[in-house]
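First up is the structure itself, then whatever we jot down about it.
In listed order, ligands and their atoms are each counted from 1.
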Amino acid sequence: MSSSRVLVLNSGSSSVKYQLLDMRDSSRLAMGLVERIGEESSRLKHTPLASGGASREWTGPMADHEAALKAVSAELAKDGLGLDSPELAAIGHRVVHGGRHFTEPTVIDDAVLAEIERLIPVAPLHNPANLTGIRTARSLRPDLPQVAVFDTAFHTTMPESAARYAIDVETADRHRIRRYGFHGTSHAYVSRATAKLLGRAPEDVNVIVLHLGNGASASAVRGGRCVDTSMGLTPLEGLVMGTRSGDMDPAVIFHLMRVGEMSTDEIDTLLNKKSGLIGLCGDNDMREIRRRIDEGDQRAALAFDIYIHRLKKYIGAYYAVLGKVDAIAFTAGVGENAAPVREAAVAGLEELGMVVDGELNAVRSDEPRLISPGHARVAVAVVPTDEELEIATQTYALVGRI
Ligand code: ADP
């Protein structure tokens, strides 16, 4: 294939994040973000990495995603990298929900679009925005292969015992209620990168991946295949997150409706946007929480303890699910940067073979690295995630086969 560039698009309801990569060496040529699409003060921030130029910012009205993508293309074109470039091999789209249907990256055609649309009831916030991004990109370059890479795909290997909730089977099937899991692109990338760090093939390694960003999820990966993950029908389940509660008794919701007289939408907002770390202590940034703890703030300390307690429960649970664990990998904003979180999550797990070396844990680096001592039975690793590279790699591999 002579064209070697892939544009990765991550379209939200009012934002588009993008990266342009050259797949000959996986280098990044440009990246950027459009925010507040549809408002008077839409903002585009573009960083032309290939030319080494300074970031450019532009603020003004952008009516819709089409205006946003045209503005992105115009910025790219200033460095000869526009959407109309013959060097562009494909566009890879992040799509949040692929249901059970999409187990792999998929070249987008009308039937694929219709299926992503059919999944809107299980992903009402994300899939419509992803679809808008895809439709816009297709209208601008109808001749170019476009690929959907699904957040859920990596988790479709989960056995029924992990994927099914213990509720009435007919009701669950009618409404397609089951554990789908999210952050799959990251879990796939990080589990493979962890095997590489250990010098072993992914098929030979069992890994617990802890993706700790503002959203957070854990997964149990046996020999390169996901066997369990903490997020469920939606990203609300599982770990304590920046603004989401994670696991709790579902009856809390009935209680809030009956006794708290709250509406469905109010409870949705409470659990997704006003819970987790921000609900517990008023901050969702781990840096700020650590700063407050250092100043003796009790609410911040309790929020941290609840966060760590849940994390530790999942490490134990996935240890039991896997039976044998070769590595535990920390990734995303908190996992890659917050040494105190890594130390606290693994503290007391020596009997499970998990130990963190204080000095190694304190090292700051963008590279995958081990933070466990050489003799430890289970390797503890910090593995920076790269979802855009993974989307570009999968997209390029697929269009190379067309
Ligand atoms: P998102 O889920 O939005 O993609 P990220 O993976 O970028 O999130 O993670 C964002 C979070 O990472 C921030 O909210 C903050 O809590 C945490 N974080 C980022 N940098 C640091 C740092 N240096 N130390 C501790 N936590 C950090």
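Closer than 4.0 Å to atom 4 (O) of ligand 1 lies none of the heavy atoms of the protein.
At most 12 heavy atoms of other shown residues, nucleotides or ligands fall within 6.0 angstrom of atom CD in E343. Applying the 6.0 Å contact sphere to CZ of R225 captures no more than 12 heavy atoms from other residues, nucleotides or ligands.
Between D283 and R290 there is no salt bridge, since no side-chain N of the basic residue sits under 4.0 Å from a carboxylate O of the acidic one. Note on R56 versus D79: salt bridge recorded, some NZ/NE/NH1/NH2 to OD/OE distance being below 4.0 Å.
The N/O atoms of G213, backbone and side chain alike, include none that comes under 3.5 Å of an N/O atom in ligand 1. Taking distance alone, with nitrogen or oxygen atoms compared against 3.5 Å, H211 stays at or beyond that limit from ligand 1.
Assignment of G242 to the shell around ligand 1 is not supported, since no heavy atom sits closer than 4.0 Å. Ligand 1 lies within reach of R364, whose nearest heavy atom is under 4.0 Å from it.
Between F304 and A344, the shortest heavy-atom distance links the atoms CE2-CB, 4.0 Å.
If you look at L212 next to ligand 1, there are no close heavy atoms at all, none under 4.0 Å.
For ligand 1 and N284, the ligand atoms under 4.0 Å from any heavy atom of the residue are 14 (O), 16 (O). Close contacts between ligand 1 and A338 involve ligand atoms 25 (C) [criterion: under 4.0 Å to a heavy atom]. Proximity to G215 (heavy-atom distance under 4.0 Å) selects the following atoms of ligand 1: 2 (O). Close contacts of ligand 1 with A332, meaning ligand atoms under 4.0 Å from a residue heavy atom, involve 6 (O).
Taking the six-membered ring for Trp and thresholds of 30 and 60 degrees, H187 and H183 have ring planes inclined between 30 and 60 degrees apart.
Taking the centre of each ring, F182 and H155 stay at or above the 6.0 Å mark.
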For ring pair (Phe, Tyr, Trp, His ring centres under 6.0 Å), just list the numbers for H97 and F150, CA-CA rounded to whole Å, side-chain angles, deciding distance to a tenth of an Å, and then say yes or no. CA-CA 6 Å; H97 216 308; F150 299 93; 9.2 Å; no
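In terms of protein heavy-atom proximity, atom 15 (C) of ligand 1 is closest to D285 OD1, 3.5 Å. Atom 17 (C) of ligand 1 has as its closest protein heavy atom V334 CG2, 3.6 Å. Here the protein heavy atom with the shortest distance to atom 23 (N) of ligand 1 is N337 CB, 3.4 Å. Among all non-hydrogen protein atoms, the one lying nearest atom 25 (C) of ligand 1 is R287 CG, 3.5 Å. The protein non-hydrogen atom at the shortest distance from atom 6 (O) of ligand 1 is G333 N, 2.9 Å. Looking only at heavy atoms of the protein, atom 8 (O) of ligand 1 is closest to N214 N, 3.2 Å. What sits closest to atom 16 (O) of ligand 1 on the protein, heavy atoms only, is M286 N, 2.8 Å.
For the residue pair R287/N337, the side-chain donor-acceptor check at 3.5 Å is not satisfied.
The side-chain heavy atoms of H46 and E57, taken from C-beta on, include no pair separated by under 4.5 Å.
When each of T393, T185, V149, V399 is paired with P105, the side chain to side chain contact (heavy atoms under 4.5 Å, CB included) condition holds for V149 and for no other.
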